[in-house]
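Reading through the structure tokens given below for one structure.
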Amino acid sequence: MNSHHFFERSPALRRRVLSVLLSVIASVACANAAADGIPAPTGVGLTVASGDQTTLYGISTYWDSVCVCAPLAERGLDVRIYGQIAYWRGTQRPSEFPSLWEGSVTPALRWMGPSVGAATVFAEIGLGISGLSKTRLNEERQFATAFQFNEHFGVGLAFGEKRKYEVAAYVRHVSNGSIKQENDGDTFFGGVFRVPLD
């Protein structure tokens, strides 16, 4: 079977391959930012979210303006990279699989909008990769693979001196893109608070 027919029969996999390609393109485009070594993070964030019988607690770090691209800047866009460690706690009891850990790296495209009083509205969309410590959670949820894709969309406000502090609401989906079954995945709705390190 040639690859063309394979992707026609696997639309979910086709979407995931596209997601990976977009992530790779973002990483390659921003490689010049790491030419002199890995720069210090811009800030850190704390996340709390709720999924299907799951609560997520995360701590993240991020790097701003990793890609200084004129076409993006002209449109008010920027690229940020997030690195996060998250603890997933299943709420179903009893269960042999009560929790797991997730590590993720997610490039995100950000748009800074108009000011609202002393704050500025922003929106961001990200595509990245995740690794899970286990492939089971609660009694029914199965992830099949430790390797996962993640996608998120968030809206929020940047405030304070130079708009350094951020609070945002977001939706985030984690799954393996049907590269192997069972692919239950999980979708989270949550909030994040970020502070600068300088």
Side-chain angles (χ1 to χ4, degrees), residues 12-13 15-34 38-52 54-69 72 76-88 100-112 122-135 137 143 145-158 165-179 183-197:
L13 180 57
R15 287 192 301 270
R16 291 303 173 197
V17 169
L18 179 59
S19 295
V20 170
L21 288 175
L22 289 172
S23 296
V24 169
I25 289 168
S27 299
V28 170
C30 301
N32 62 323
I38 298 175
T42 305
V44 295
L46 294 175
T47 299
V48 178
S50 179
D52 187 0
T54 310
T55 304
L56 179 152
Y57 305 95
I59 183 166
S60 63
T61 190
Y62 59 90
W63 290 262
D64 273 337
S65 302
V66 295
C67 182
V68 182
C69 309
L72 293 179
L77 300 172
D78 194 9
V79 177
R80 177 183 277 186
I81 292 181
Y82 293 102
Q84 178 172 263
I85 299 294
Y87 174 73
W88 297 21
L100 59 81
W101 290 87
E102 176 205 5
S104 64
V105 176
T106 310
L109 188 64
R110 288 169 53 85
W111 172 76
M112 297 300 289
F122 69 86
E124 61 186 21
I125 185 167
L127 299 168
I129 56 173
S130 297
L132 303 181
S133 63
K134 300 175 185 175
T135 57
L137 185 67
F143 301 99
T145 60
F147 174 80
Q148 302 280 302
F149 300 98
N150 71 74
E151 306 146 351
H152 84 257
F153 174 74
V155 293
L157 292 174
Y165 303 97
E166 296 180 357
V167 61
Y170 72 90
V171 58
R172 182 172 188 262
H173 180 71
V174 180
S175 73
N176 70 17
S178 297
I179 58 179
N183 174 38
D184 289 333
D186 210 337
T187 299
F188 295 94
F189 298 88
V192 59
F193 176 66
R194 302 181 184 121
V195 297
L197 289 176

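Contact of the Phe193 side chain with the Glu166 side chain is not registered, since no non-hydrogen atoms from C-beta on lie closer than 4.5 Å. Side-chain atoms of Thr135 and Thr145, non-hydrogen and from C-beta on, never get closer than 4.5 Å to each other. In this structure the side chain of Phe143 reaches within 4.5 angstrom of the side chain of Gln148, judged on heavy atoms. Side-chain contact check for Phe122 versus Val155: every heavy-atom pair is 4.5 Å or farther apart. For the pair His152/Ser104, no side-chain contact is recorded, criterion being any heavy-atom separation below 4.5 Å from C-beta on. For the pair Trp63/Thr61, a side-chain contact is recorded, criterion being any heavy-atom separation below 4.5 Å from C-beta on. Taking 4.5 Å as the limit, some side-chain heavy atom of Glu102 sits within range of a side-chain heavy atom of Val174.
Judged as a side-chain hydrogen bond (donor to acceptor under 3.5 Å, both in side chains), and not counting sequence neighbours, the contacts of Asp78 are Ser65. Applying the ring pair (Phe, Tyr, Trp, His ring centres under 6.0 Å) test to Trp111 and every residue at least two apart in sequence or in another chain returns nothing.
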Scan the side chains in residues 42-50 for donor-acceptor partners under 3.5 Å anywhere in the protein, sequence neighbours excluded, and list what turns up.
{"unit_1": "Thr42", "atom_1": "OG1", "unit_2": "Asp64", "atom_2": "N", "d": "2.9"}
{"unit_1": "Thr47", "atom_1": "OG1", "unit_2": "Gln84", "atom_2": "OE1", "d": "3.4"}

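The heavy-atom pair separating Asn150 from Ser130 by the smallest distance is ND2-OG, 3.0 Å. Summarising the geometry of Pro107 relative to Gly128, their closest heavy-atom pair is CD-CA, 4.2 Å, with the distance given to 0.1 Å. Shown here for Asn183 and Ser175, the closest heavy-atom pair between the two residues is OD1-CB, 3.5 Å.
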* **Stepwise side chain to side chain contact (heavy atoms under 4.5 Å, CB included) test for Thr187 and Asp52** => CA-CA 7 Å; Thr187 299; Asp52 187 0; over 6 Å; no
* To do: Quick one: do Val105 and Ile81 satisfy side chain to side chain contact (heavy atoms under 4.5 Å, CB included)? Show the steps, please.
  => CA-CA 7 Å; Val105 176; Ile81 292 181; 4.1 Å; yes
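Between the side chain of Asp186 and the backbone N or O of Gly51 there is no donor-acceptor pair closer than 3.5 Å.
For the ring-ring contact (aromatic ring centres under 6.0 Å, His included) criterion with Phe188, the lone passing option out of Tyr170, Phe153, Trp88 is Trp88.
Rounded to the nearest 0.5 angstrom, Phe149 CZ and Ile129 CD1 are separated by 8.5 Å. Note: Asn176 CG to Leu132 CG = 9.5 Å, rounded to the nearest 0.5 Å. A distance of 15.0 Å separates OG1 of Thr106 from OH of Tyr62, quoted to the nearest 0.5 Å.
Residues Glu124 and Tyr82 have side chains that bring a donor and an acceptor to within less than 3.5 angstrom of each other.
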